[in-house]
Every structure is written in structure tokens, then in C-alpha cells.
Chemist: 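Structure in C-alpha cells, see below.
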Amino acid sequence: MNMQSQRLFDIFLPENFKQLPEEFLRYKRDGSWLYYSPQVLKEMSFGLADHLIQKGYNKNINGNPEEREKVGLICFSRPNWLVVDLATQLSGALLVPLYPNIVASEIVNIFNETGLRICFVGDMDIYNKIREVREQIPALEELYVFDAPADPSINWRTIITPFSEELEQRVWRNSAAVKAEDVATIIYTSGTTGAPKGVMLSHKNILSNIKSCSSEVFDKFDLGKNESLSFLPLNHILEKMIMYIYLFNNFSVTFAQSIETIADNLQERKPYLFVTVPRLLEKVYEKIISKGRSLKGIKSNLFFWAVGLAQKYQLNKPGSLWYRLQLKIADILIFSKWRAALGGNVKVIVVGGAACQPRLIQIFAAAGINILEGYGLTETSPVISVNRLDLKERIVGTVGKVLDTVQVKILEDGEICAKGDNVMVGYYKKPVETAEVIEDGWFKTGDVGELNGRILKITDRKKEIFKTSGGKFVVPQPIENKLKENFAIEQVMLVGEGQKFVSALIVPNFDAVRSWCTRNDVPFEGKDEVLKNERVLAYFQSIIDRDNAKFNHVEQIRKFILLPGEWTVDGGELTPSLKMKRKAILSRFKDQINSLYYELG
């Protein structure tokens with residue numbers, strides 16, 4: 001990439017633009033693969049930017065973020081997402097992208113906090129969701145849809161000015177005022193309290209990460225072809241930053257149709273690289289193992305012999321000659337089919353957003369698939385550290401080497417702090433919260449870790465908030481409090497850090513359970529016995545099902561265990577002020593928690 005680029009839309013500068021591949025942004029429609037060429041992306045981005053400029057969205061172009069105009073975007077990832085992103089930047093407005101499955105109440109809160117006057121959505125389902133609450137969003141004036149079948153008044157294409165040289169010069173004159181330090185986007189992410197916070201990221205923030213990751217990581221790849229598959233949401237900073245790495249490093253990008261079609265899209269497009277979260281890797285592995293279990297006789301024996309070899313593989317230790325020979329045979333017979341399931345060409349998979357199981361990394365490496373795990377936060381644009389392709393800088397169980405442009409220090413209590421051009425401008429309209437996490441330029445991550453030279457390892461989370469293996473945040477306290485509103489539940493703790501779904505440890509109110517048993521002719525023969533009773537378990541399942549409906553899908557409890565003993569101060573599960581010691585509870589009930597989750601392999 002041209003290291004002189006100062007703003008994300010500098011991808012359109014001639015020295016960057018002329019290097020982009022013709023079949024640039026691929027997408028599937030009506031069963032056929034189509035693409036946006038670089039010229040199409042440019043014409044649409046400049047045409048939409050012109051509309052935004054004409055409507056005054058370039059107002060206060062260098063003002064503080066509160067004074068500047070905002071553009072909303074709610075859509076699954078596709079080429080049009082980039083058009084709106086680039087057009088917004090060219091106009092000098094700020095992009096506020098949200099998840100397509102966002103609940104209506106959060107739409108109202110975020111739209112009103114940012115004063116959004118215009119928003120683009122992917123389809124009529126999202127359009128109708130906003131329309132239902134539109135009276136609660138007084139500032140919203142324009143709402144456009146990418147897939148609006150027949151209504152020109154809401155079809156976004158009707159507002160894109162036809163491209164011309166005059167238009168291009170007009171937009172460039174406007175965008176010349178945009179500086180590297182100007183905020184480019186506000187990305188909403190859950191804080192430790194669960195209230196969404198708008199992370200303000202400047203062009204400089206994101207480009208510093210793009211340049212570092214390009215020179216330190218991506219330039220070291222020998223992929224064969226610069227072809228990638230994109231399926232994580234682009235409003236997630238990891239995928240957005242990676243998308244701009246693709247743009248500035250002349251990759252072609254295929255957008256998967258949906259999460260459900262990833263397997264098919266891998267087969268169809270055969271990418272050499274993609275970025276994912278651990279949960280999707282777990283699904284791939286589970287599918288491989290499931291297929292293996294369906295085999296019979298010698299095929300089954302061969303399959304699990306190969307899995308056994310892979311489980312013993314160590315990245316930095318080649319093993320004996322006999323082991324390497326067996327691995328070569330396993331590669332021909334078994335592992336080649338695993339790679340074929342990923343399209344056959346995948347050389348590198350970058351993993352972020354949550355902790356990846358070290359065993360998965362080893363097993364895939366044995367099968368000739370390099371997995372590079374990294375670490376970062378939305379507030380750090382996002383990458384702080386990442387494992388590299390060079391085996392000396394790829395250490396399983398760590399989140400890799402800290403980027404050269406990022407400083408890291410560990411506080412006395414073990415908290416990781418980061419400093420660099422990638423650290424956010426601040427939280428939107430939240431100066432107090434900003435001051436709590438940024439001190440003398442150092443951002444406090446809330447994670448606990450160790451630094452060995454420049455290699456970073458995460459050992460714990462300071463915050464009670466946790467992430468599933470799909471990279472989604474879960475704030476346990478509101479959910480726990482809601483469950484405890486039911487008289488039958490005395491104590492409850494959510495678990496699921498790094499796992500594929502949320503589960504719950506529940507200590508029942510046994511007086512309430514005894515009463516329920518009497519009313520429903522269920523014998524109460526002691527705590528241990530009653531908690532195994534199918535009707536009692538079904539009763540607690542009904543409580544959870546009822547409360548699950550009040551929470552987002554990722555927060556919903558999929559499994560639970562009923563425990564016979566109350567958590568106490570004397571037992572070590574509660575603090576003197578009766579707060580749960582989550583770490584102590586996790587440790588004490590480790591075996592029960594492990595039983596809730598599918599053991600890979």
C-alpha cells in the first residue's frame with residue numbers, strides 16, 4: 001500500500017486506485033456471481049457523496065464530533081456497505097454502522113444520541129423495524145433501502161448522482177478539508193455496564209492499524225493469489241480494518257451470502273485467506289468430526305488415527321522421523337480433504353474477536369492450515385498484537401507479538417494498557433468514561449495479561465462482561481437479575497467465556513421448589529434427588545425460556561445446571577458484601593461447566 005495515505009478514502013487516489021483488480025468486490029445474486037469493478041465502486045461512492053454534500057451533510061466538516069453530521073448504516077456486509085462508508089467519509093460526515101439484528105430500543109437510543117438525519121438499510125425487514133419506532137426518532141429525515149423492490153422514494157439508487165469528471169472534482173474539493181485526525185466513524189460497543197458506548201475512531205486511528213498489519217503481517221504472506229472471503233459484519237472494527245487492508249493491498253474480496261452459506265461459498269470461490277472468529281472454526285471442526293463419526297470400518301479407523309496424530313502436533317517441534325512420515329500419509333489420505341472442505345486454497349486464517357482454543361490451532365496447523373490469533377479492542381482500532389506466519393513469532397496460547405507501532409505495559413494488578421496512534425479519540429458524548437480508560441494516552445483494556453518480550457498472553461478478564469467464541473459480548477448481571485426475579489431461583493451465575501453459547505449455574509430456592517412439587521404431585525425426597533427429576537428440570541427450563549425472550553439471541557441461556565448448595569461467604573463463593581466471586585465459582589464448578597459444552601474431538 002501507499003504508506004503516504006492519510007485518510008481511508010485515499011484508496012481512490014490514482015497511485016492506489018490503479019492497482020485494484022478488475023473483479024474487485026464479488027457478490028452473489030439470483031444464483032450468479034457478479035462483481036463491482038473499482039470504477040463502479042468509485043462512481044457510486046462519489047455519486048452518493050455528492051447527494052450528501054448537496055443536502056448539507058458536510059456541515060462543520062472539521063468541527064468536533066458532536067457538531068458534525070452522522071450517517072446511519074444497518075446492513076449485512078456487501079459491496080453497498082463500502083459505498084456508503086466511503087461516500088460518508090468523502091462528504092465529511094461520520095458513519096454510525098449498526099448490527100442488522102439490533103433491537104428496536106437500541107436503534108432509538110443510538111439514533112437519538114447521534115442525531116442521525118439519514119440512514120441506509122439493507123432490506124425491507126430492517127426498514128420496517130425502523131418505521132415502527134420512527135415517531136420516537138424525531139431527527140430522522142431520510143431512510144433508504146438497498147433492496148427496495150418497487151418504491152423509488154426509498155430506493156437508495158435514486159439519490160446517487162450520475163458520475164462525471166465535474167462531479168469527481170466537486171467531491172474531491174470538499175473532501176480535501178478532511179484531515180487524518182478527524183473522526184471517521186462511531187462504532188457502538190457494549191461497555192462493562194452493558195450500556196452501548198460510541199467509540200470514536202479517526203482516519204489516523206484505523207490507518208495506523210492498516211499500515212502496521214500490512215507491513216508486519218500481510219506482506220509476509222505468500223498466498224499465491226490475493227483472493228479473500230468476507231463474512232464477518234463490517235460494522236465490527238476487525239472486519240472493517242481488514243477490509244481496508246484488502247483494498248490497500250489489492251485483494252479481490254468475495255462477500256459470503258450469509259453465515260449459513262459460508263461452506264458453499266468457500267467451495268465456489270476457493271479463497272486463499274479469510275478472517276473469522278473462533279466459533280466458526282469450532283463449527284468447521286465439529287462438522288469434520290461429525291463426518292468422521294459417520295464413517296465405518298477402515299475409513300473410520302484411518303480418520304481417527306489422523307485426528308490422533310494432529311492432536312499431538314506441536315508447531316515449533318517437528319517430531320520424530322516416524323511421526324513426520326505418518327503425518328505425510330495422514331495429509332494425503334485425510335487432511336487434504338479437510339483443506340478441500342475450505343475450498344482447497346486456504347493458506348492463512350486470521351482469528352480474532354475472542355479467545356481461540358489452542359488445541360484447534362495445533363490441529364489445523366497439522367493439517368497444513370495456518371491460524372494466526374490476534375488481540376485487540378474496538379477502542380484500539382482494533383489490533384494490539386497478532387501471531388505471525390514465522391514460527392518464531394507464532395506461539396500457541398498467546399495472542400502474538402505486539403505491533404511495532406503499539407506500546408504495551410502491564411499495571412501492577414496485571415491489567416494490559418496500550419498506547420499508540422491506534423487508540424481511539426474517545427467515547428461519544430462520554431468524557432467521564434473516556435477519562436476512566438485513557439490516562440496520559442494509555443488505554444486500559446480491562447484485560448489481564450503477561451508480556452514476555454513483545455509476546456502478549458491474556459490470562460484473565462478484569463471485567464465481568466464476557467465474550468462467546470463468536471466474538472459477541474454478554475453482560476451477565478442484567479440477565480442474572482432478571483432470572484432472580486423468579487421466586488424459584490435463589491442465586492444464578494452466567495458462564496460462557498470463549499464458549500459457543502451462554503449457560504447458567506442456578507441455586508434454587510428450595511422452599512419454592514418444595515411448594516411447586518407439592519402443587520404438582522412431584523415427590524420431594526431430598527435436594528440431590530429432586531434436582532434430577534425431569535419435571536423439575538422442565539419447570540426451570542420454562543422459567544429460562546420465558547426470560548430468554550427478553551434478551552438478544554447471543555445472551556440467551558442454552559443450558560443450565562441446578563446446584564444443591566447455596567453460595568456463601570464462608571464457602572468462599574461470596575465476598576463479605578455478598579457479591580459473587582465469579583472466579584472462585586468458575587474454579588469450584590469447573591467440571592460441571594465443562595460438561596455443559598461439547599468437547600471437540
Side-chain angles (χ1 to χ4, degrees), residues 1-17 20 41-42 45-46 48-49 52-53 57-71 73 81-97 114 171-189 198-215 234-249 376-384 403 405-406 418-428 434 438 441 443:
M1 67 176 290
N2 182 344
M3 302 303 277
Q4 303 308 309
S5 301
Q6 297 295 306
R7 303 154 308 177
L8 293 170
F9 59 78
D10 284 345
I11 186 63
F12 291 127
L13 292 174
E15 57 268 35
N16 293 318
F17 188 71
L20 294 172
L41 177 69
K42 180 178 180 178
S45 299
F46 276 73
L48 181 57
L52 296 174
I53 293 163
Y57 290 98
N58 60 341
K59 190 172 64 179
N60 297 318
I61 202 165
N62 296 121
N64 71 55
E66 290 186 31
E67 296 171 338
R68 292 169 60 196
E69 294 287 347
K70 322 302 188 297
V71 175
L73 177 56
W81 200 104
L82 275 171
V83 171
V84 174
D85 186 24
L86 288 160
T88 302
Q89 296 170 31
L90 286 161
S91 74
L94 306 182
L95 188 77
V96 181
T114 55
V171 172
W172 274 126
R173 282 195 297 274
N174 177 83
S175 65
V178 179
K179 308 301 180 192
E181 293 76 16
D182 290 336
V183 172
T185 187
I186 301 173
I187 295 180
Y188 275 82
T189 180
V199 176
M200 297 185 290
L201 297 176
S202 68
H203 290 273
K204 184 178 182 179
N205 289 153
I206 301 171
L207 266 167
S208 73
N209 224 233
I210 292 166
K211 290 175 181 179
S212 293
C213 290
S214 293
S215 62
L234 274 167
N235 59 295
H236 190 293
I237 185 57
L238 174 61
E239 188 69 8
K240 175 166 178 168
M241 191 276 292
I242 293 287
M243 182 60 63
Y244 278 92
I245 284 181
Y246 294 155
L247 267 61
F248 279 104
N249 290 276
L377 302 92
T378 304
E379 290 90 337
T380 56
S381 304
V383 180
I384 291 174
L403 294 178
T405 52
V406 180
K419 189 176 189 178
D421 287 343
N422 61 321
V423 172
M424 68 171 179
V425 173
Y427 294 120
Y428 184 67
T434 300
I438 298 180
F443 172 72

Chemist: Rounded to the nearest 0.5 Å, what separation is found between the CD1 atom of I187 and the OG1 atom of T378?
Modeler: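 If we round to the nearest 0.5 Å, I187:CD1 and T378:OG1 are 6.5 Å apart.
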Chemist: Write down the atom of V406, the atom of V383, and the distance for their closest heavy-atom approach.
Modeler: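 Taking V406 first and V383 second, the nearest heavy atoms are CG2-O, 4.3 Å.
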Chemist: With a 4.5 Å cut-off on side-chain heavy atoms, are N16 and S5 touching?
Modeler: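 When only atoms from C-beta onward are counted, N16 and S5 do touch, with a gap below 4.5 Å.
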Chemist: Give, for atom CZ of F12 and atom CG of L90, the distance between the pair rounded to the nearest 0.5 Å.
Modeler: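 It is 6.5 Å, given to the nearest 0.5 Å.
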Chemist: Which distance, rounded to the nearest 0.5 Å, do you find between the OG of S212 and the CD1 of I384?
Modeler: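 CD1 of I384 is found 12.5 Å from OG of S212.
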Chemist: Where the side chain of D10 meets the backbone of Q6, is there a donor-acceptor pair that is under 3.5 Å apart?
Modeler: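 Yes; at least one donor-acceptor contact below 3.5 Å.
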Chemist: Show the nearest heavy-atom pair for residues L207 and F248, with the distance to one decimal.
Modeler: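 Closest pair (atom of L207, atom of F248, distance): CD2-CE1, 4.1 Å.
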Chemist: Is there side-chain contact between L82 and Y244, with at least one heavy-atom pair below 4.5 Å?
Modeler: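 L82 vs Y244: side chains touch.
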Chemist: Is there side-chain contact between N422 and F443, with heavy atoms separated by less than 4.5 Å?
Modeler: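 Side chain of N422 against side chain of F443, heavy atoms only: no contact under 4.5 Å found.
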Chemist: Using every non-hydrogen atom in the two residues, find where A49 and S91 come nearest and quote the distance to one decimal.
Modeler: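 Closest heavy-atom pair between A49 and S91: O-CB, 4.3 Å.
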Chemist: Which pair of heavy atoms, one from A87 and one from S45, lies closest together, and at what distance?
Modeler: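 Answer, listing the atom of A87 first, then S45: CB-O, 3.3 Å.
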Chemist: Determine whether a donor-acceptor pair (N or O, by modelled atom type, separation under 3.5 Å) exists between the side chain of N205 and the backbone of D421.
Modeler: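 Yes, the answer is positive, given that a donor and an acceptor are paired below the 3.5 Å cut-off.
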Chemist: Do I438 and E379 pass the side chain to side chain contact (heavy atoms under 4.5 Å, CB included) test, and can you show the C-alpha distance, the side-chain angles, and the key distance before you say yes or no?
Modeler: CA-CA 10 Å; I438 298 180; E379 290 90 337; over 6 Å; no
Chemist: Regarding T405 and S208, do their side chains bring together a donor and an acceptor under 3.5 Å, going by distance alone?
Modeler: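 Absent: no donor and acceptor within the cut-off.
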Chemist: Could you give all pairs that pass the side-chain hydrogen bond (donor to acceptor under 3.5 Å, both in side chains) test and reach residues 175-184, with sequence neighbours left out?
Modeler: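 Found N62-D182.
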Chemist: Answer yes or no: is there a side-chain heavy-atom contact under 4.5 Å between L94 and Y428?
Modeler: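 When only atoms from C-beta onward are counted, Y428 and L94 do not touch, as no gap falls below 4.5 Å.
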Chemist: Dump the intermediate steps for side chain to side chain contact (heavy atoms under 4.5 Å, CB included) on I11 and L86, then the final yes or no.
Modeler: CA-CA 9 Å; I11 186 63; L86 288 160; 4.1 Å; yes
Chemist: Is any side-chain heavy atom of V83 closer than 4.5 Å to one of L41?
Modeler: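 A side-chain contact under 4.5 Å exists here.
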Chemist: Do the non-hydrogen side-chain atoms of I242 and Y246 ever get within less than 4.5 Å of each other?
Modeler: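 When only atoms from C-beta onward are counted, Y246 and I242 do touch, with a gap below 4.5 Å.
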Chemist: Might you work through the side chain to side chain contact (heavy atoms under 4.5 Å, CB included) test for V199 and Y427, ending with a clear yes or no?
Modeler: CA-CA 5 Å; V199 176; Y427 294 120; 3.8 Å; yes
Chemist: Is there a side-chain contact between S381 and M241 (heavy atoms, below 4.5 Å)?
Modeler: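 No; the side chains remain at least 4.5 Å from each other.
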Chemist: Is it true that, when you exclude K204 itself, more than 12 heavy atoms of the residues, nucleotides or ligands shown sit nearer than 6.0 Å to its NZ?
Modeler: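 For K204, atom NZ is not crowded (no more than 12 foreign heavy atoms under 6.0 Å).
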Chemist: Determine yes or no for a side-chain-to-main-chain donor-acceptor pair under 3.5 angstrom, with R7 supplying the side chain and Q89 the backbone.
Modeler: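 Not a single qualifying donor-acceptor pair exists.
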Chemist: Can you find a heavy atom in the side chain of L73 that is under 4.5 Å from one in the side chain of N235?
Modeler: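 Result no, sub-4.5 Å side-chain heavy-atom pair not found.
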Chemist: If you round to the nearest 0.5 Å, how far is NZ of K419 from OG1 of T380?
Modeler: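 Rounded to the nearest 0.5 Å, the OG1-NZ separation comes to 15.5 Å.
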Chemist: Give the ring-plane orientation class for H203 versus F9, where under 30° counts as parallel, over 60° as perpendicular and anything between as tilted.
Modeler: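 Rings of H203 and F9: perpendicular, over 60°.
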Chemist: Any donor and acceptor pair, going by atom type alone, linking the side chain of N209 with main-chain N or O of I206 inside 3.5 Å?
Modeler: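 Side chain of N209 to backbone of I206, a donor-acceptor pair under 3.5 Å: no, none is there.
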Chemist: Mark yes or no for whether T88, through its side chain, and A93, through its backbone, hold a donor-acceptor pair below 3.5 Å.
Modeler: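 Not at all, since once roles are kept as given, no pair shorter than 3.5 Å links the two residues.
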Chemist: Calculate, to the nearest 0.5 Å, the distance between atoms CD and CG belonging to E69 and N60 respectively.
Modeler: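 Those atoms lie 8.0 Å apart.
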Chemist: Using atom types as modelled and distance alone, determine if a side-chain donor or acceptor of K70 lies under 3.5 Å from a backbone N or O of P65.
Modeler: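 Indeed, once roles are kept as given, a pair shorter than 3.5 Å links the two residues.
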Chemist: Distance from L8 atom CG to I210 atom CD1, nearest 0.5 Å?
Modeler: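 Going from the CG atom of L8 to the CD1 atom of I210 covers 5.0 Å.
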Chemist: So which atom in K240 and which in L95 form the shortest heavy-atom distance, rounded to 0.1 Å?
Modeler: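 Reported closest heavy-atom pair: NZ-CD2, 4.2 Å.
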Chemist: Minimum heavy-atom separation for G92 to V178, with atom names?
Modeler: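 What the structure gives for the nearest pair is CA-CG2, 4.0 Å.
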